[in-house]
Amino acid sequence: MPAAPTALPPPPPWLNRRNGWGLVMLGAIALSLYATGIGRPDATLVNPGGWGQFVEFWASSLRPDLSRDFLEVIARATFVTFAYAVCGTTLSVALGLVGGVLSSETWWRTVLPRAAAGGAWAAPLWLLIRGLLAVPRAIHELLWGLFFLNILGLNPLVAVLAIALPFGAIVSKVFAEIFDETPQEPLESLLGSGVSPLAAWLYGLLPQAFPDLLSYTTYRFECSLRSAAVLGVIGAGGLGYEILLSLQSLRYGQLWTGFYALVLLNGGVDWWSSWVRRRLGFTSRLDLNVAQRSQNSHAPKPNLQTANPWPLRLSWGAIALSIPLCFWGLGIDWTRLWSARTRRLLGDIAAAATPQWPSPAEWATLLHLSGLTLVMSILAIALAGLGGVLLSFPAAQTFLLPGGWLRPLDDPTTTQAPLAWLLLVATRLLLLLSRAVPAPIWALVCLFVLFPGILPGAIALGLHNLGILGRLMAEVNENLDERPVRSLHALGASGGQAILYGVLPQNLGRFLAYTLYRWEVCMRETVIVGLVGAGGLGRLLTEQLSSFDYGRLVLTLGCFVALTFLVDLISQQMRSVVSGKGEA
């Protein structure tokens, strides 16, 4: 008797939540391109008069200034940038640890279970802490630097606080998520056996979360290094300041010497942090797609005990030594924080910062510039995301090297490894240069050949974030479960088919998660390219700062913070859909 035909399940609806968000993304990119003037016959974007300087800029990359006097200047600036990053990271992690504990649900549920279960004040207090932490992280460190510069004057304390305050809020958010996502079973077992809530939290949760906290701290140090270079734009010193001086005086040879110093510094820190993470058993700088991570059972689990302890102990010793040396080397004058001059200037700014209700014309200007700022961030992240995906493949060791996806060991061309290594190194150097050079410097270079507006700002932000996203995505490729790819090769699939059907289905969700996360950061960074004339709210902030119009400055900052929260909300919604948490 023949078996009854099996009924196939109905296909899923085409217009689901994931496809809906995809259409929204494509529509937003198309509208943003139109807003910049691309494709419009009446728009003039390119400045033909700047091509000479543009060519001279790139030609000077082959003849950097290597004179002894200038190299000594660059060496001192490199130490200052490194010291800013060390001191800023130290303070931000200290702030972030306290803020992360206080803003985590696990802490309140464990230490004050009655309050978490329905106390009248617990929920408002938790929301208040989260709200207070959201404000400093929504404002870019460059704006914090300008604020501290006005009340503290030229002092290394300006750069250190400008990094520590917003980064402390960012670290608080991430640390709170780590505490809440750490397995709770050991904590609940200790609570069930009668251990006090505080002791149970310290011994049941903190040791498990510690490797994740440590891994994120090394990543945050890389971010601090890039921010320390950006702060040079406002005169805080360091490599960013020397690069800006060289660019303003059109000394391109000196400019490229500064670029190469930034590349060496960022490359060294990049290598060290990667080495530490590998020793600890972490395969990624930043792991966003938790649901997908849990499916990759082949990935090594973080374990502090399995690593060779001596190299790590030497590394910890170097860190412990460098922190006091950097604080001492900068010569920070902490008394400026509570000096009479600081209190007087702070009072003057507070009195002048009371905003007046804007007129309809001012509202229209703020809304128009907010829209341009949003357009700039959308174009920048689209450029960075697309470029990052394309460059992440040649930047991964699992792509072209012998034994990689396109060079199986049985491939007769596998022995042609030098070209593959050359492509790998060239791509990684391109990504390193792209992320090492601060976005305002890229914006100034773009303004050689483009008229001021949001397009040069978007390109500059896209170039800077391309280097960051490309490196993160290359790590995703290297940490991929290779079993599906190997199976496809064994069945006779070509290299392209193995990538299309074995690689992309696995890591596309994580690529999108990284891109959306970076969009939140990119939104904050629009202000720094606006400060150098690239348009948007940043341009308005520059004019208001120059005229000491603090009342209207507060209104503009309010629009910027609201815009940042909006992008943060949309990004979280889209990331939840990408990770599968938001699917019905």
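Excluded from the calculations below are hydrogen atoms, water molecules and symmetry mates; all remaining heavy atoms, backbone and side chain alike, are included. The first residue of the sequence shown is numbered 1, and numbering continues consecutively from there. Note that the coordinates shown come from a computational prediction; the quantities given were computed from them, not determined experimentally.
- What you find for P452 and L447 is that their closest heavy atoms are CA-CD2, 3.7 Å.
- Between P166 and R524 the shortest heavy-atom distance is CB-NH2, 4.1 Å.
- Around CZ of R251, the count of heavy atoms belonging to other residues, nucleotides or ligands within 6.0 Å does not exceed 12.
- With rounding to the nearest 0.5 angstrom, the CZ atom of R336 is 8.5 Å from the CG atom of L157.
- No donor-acceptor pair under 3.5 Å is formed between the side chain of T81 and the backbone N or O of A228.
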**Request:** Give the intermediate values and the outcome of side-chain contact (heavy atoms from CB on, under 4.5 Å) for residues V230 and E141.
**Result:** CA-CA 9 Å; V230 171; E141 47 270 24; 5.9 Å; no

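- Looking only at side-chain heavy atoms (C-beta outward), I381 and L516 stay at 4.5 Å or farther from each other.
- The distance from atom OG of S32 to atom CG of L374, rounded to the nearest 0.5 Å, is 7.0 Å.
- A distance of 10.5 Å separates CG of L472 from CZ of F511, quoted to the nearest 0.5 Å.
- Applying the side-chain hydrogen bond (donor to acceptor under 3.5 Å, both in side chains) test to R63 and every residue at least two apart in sequence or in another chain returns E56.
- In summary, the side chains of Y216 and R220 do present a donor paired with an acceptor at a separation below 3.5 Å, with no hydrogens or angles considered.
- For the pair R226 and I468, the minimum side-chain heavy-atom distance is below 4.5 Å.
- Put simply, the side chain of L214 reaches to within 4.5 Å of the side chain of F210, judged on heavy atoms.
- Closest approach of M523 to S377, counting heavy atoms only: SD-OG, 3.7 Å.
- In summary, E475 and R428 do not engage in a salt bridge, as defined by a charged side-chain N under 4.0 Å from a carboxylate O.
- Contact between V375 and I454 at its shortest, heavy atoms only, is CG1-CD1, 3.7 Å.
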**From CA spacing to verdict: side-chain contact (heavy atoms from CB on, under 4.5 Å), V437, V445** = CA-CA 11 Å; V437 176; V445 172; over 6 Å; no

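- Between the side chains of Q544 and D549, no donor-acceptor pair is found at a separation under 3.5 Å.
- In this structure, T89 and F167 have side chains that are not in contact, with every pair of non-hydrogen atoms separated by 4.5 Å or more.
- Looking at residues two or more places apart in sequence or on another chain, you find a side-chain contact (heavy atoms from CB on, under 4.5 Å) between A382 and I29.
- S103 contributes atom OG, which lies 11.0 Å from atom CZ of F175 (distance to the nearest 0.5 angstrom).
- With respect to D348 and R343, no salt bridge is recorded, no charged nitrogen being found less than 4.0 Å from a carboxylate O.
- The two residues G145 and L231 make their nearest non-hydrogen contact at CA-CD2, 4.4 Å.
- When V269, V160, I163 are each tested for a side-chain contact (heavy atoms from CB on, under 4.5 Å) with S224, only one passes: I163.
- Summarising the geometry of G329 relative to F79, their closest heavy-atom pair is CA-CZ, 4.1 Å, with the distance given to 0.1 Å.
- In this structure a side-chain-to-backbone donor-acceptor pair under 3.5 Å is present from D180 to E105.
- Environment of OH in Y252: crowded, with over 12 heavy atoms of neighbouring residues, nucleotides or ligands closer than 6.0 Å.
- At a threshold of 4.5 Å between non-hydrogen side-chain atoms, the residues N47 and F448 do not count as touching.
- Proximity of F179 to L213: side-chain heavy atoms (C-beta onward) are separated by under 4.5 Å at one or more points.
- A donor-acceptor contact shorter than 3.5 Å links the side chain of W442 to the backbone of S434.
- Judged by distance alone, the side chain of S61 and the main-chain N or O of W58 form a donor-acceptor pair under 3.5 Å.
- Between the side chains of S67 and D69, not a single donor N or O lies within less than 3.5 Å of an accepting N or O.
- Side chains of T257 and D65: a donor-acceptor N/O pair is absent below 3.5 angstrom, by distance only.
- The CG atom of L386 lies 9.5 Å from the OG1 atom of T515; values are rounded to the nearest 0.5 Å.
- Distance check: N266 CG to L239 CG gives 9.0 Å after rounding to the nearest 0.5 Å.
- Between S60 and L255 there is no side-chain heavy-atom pair separated by less than 4.5 Å.
- Side-chain atoms of T373 come within 3.5 Å of backbone atoms of L537 as a donor-acceptor pair (strictly under, hydrogens ignored).
- A side-chain donor from one of T342 and S339 sits under 3.5 Å from a side-chain acceptor of the other.
- Ion pairing between a basic and an acidic side chain is recognised when a charged N comes within 4.0 Å of a carboxylate O; E525 and R518 show such pairing.
- At least one side-chain heavy atom of R510 sits less than 4.5 Å from a side-chain heavy atom of Y514.
- Side-chain atoms of T182 come within 3.5 Å of backbone N or O of I178 as a donor-acceptor pair.
- A side-chain donor-acceptor contact under 3.5 Å links S273 to the backbone of D270.
- Within a 6.0 Å sphere centred on CH2 of W328, heavy atoms belonging to other residues, nucleotides or ligands number 12 at most.
- Partners of F259 according to the ring-ring contact (aromatic ring centres under 6.0 Å, His included) rule, which considers only residues two or more places apart in sequence or in another chain, are W256.
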**Prompt:** Would V527 and L541 count as a side-chain contact (heavy atoms from CB on, under 4.5 Å) if you check the C-alpha gap in whole Å, the side-chain angles of each, and the deciding distance to 0.1 Å?
**Reply:** CA-CA 8 Å; V527 70; L541 283 172; 3.3 Å; yes

**Message:** Set out, in order, the CA-CA distance, both residues' side-chain angles and the distance that settles side-chain contact (heavy atoms from CB on, under 4.5 Å) for L206 and L202, then state yes or no.
**Reply:** CA-CA 5 Å; L206 192 58; L202 290 175; 4.2 Å; yes

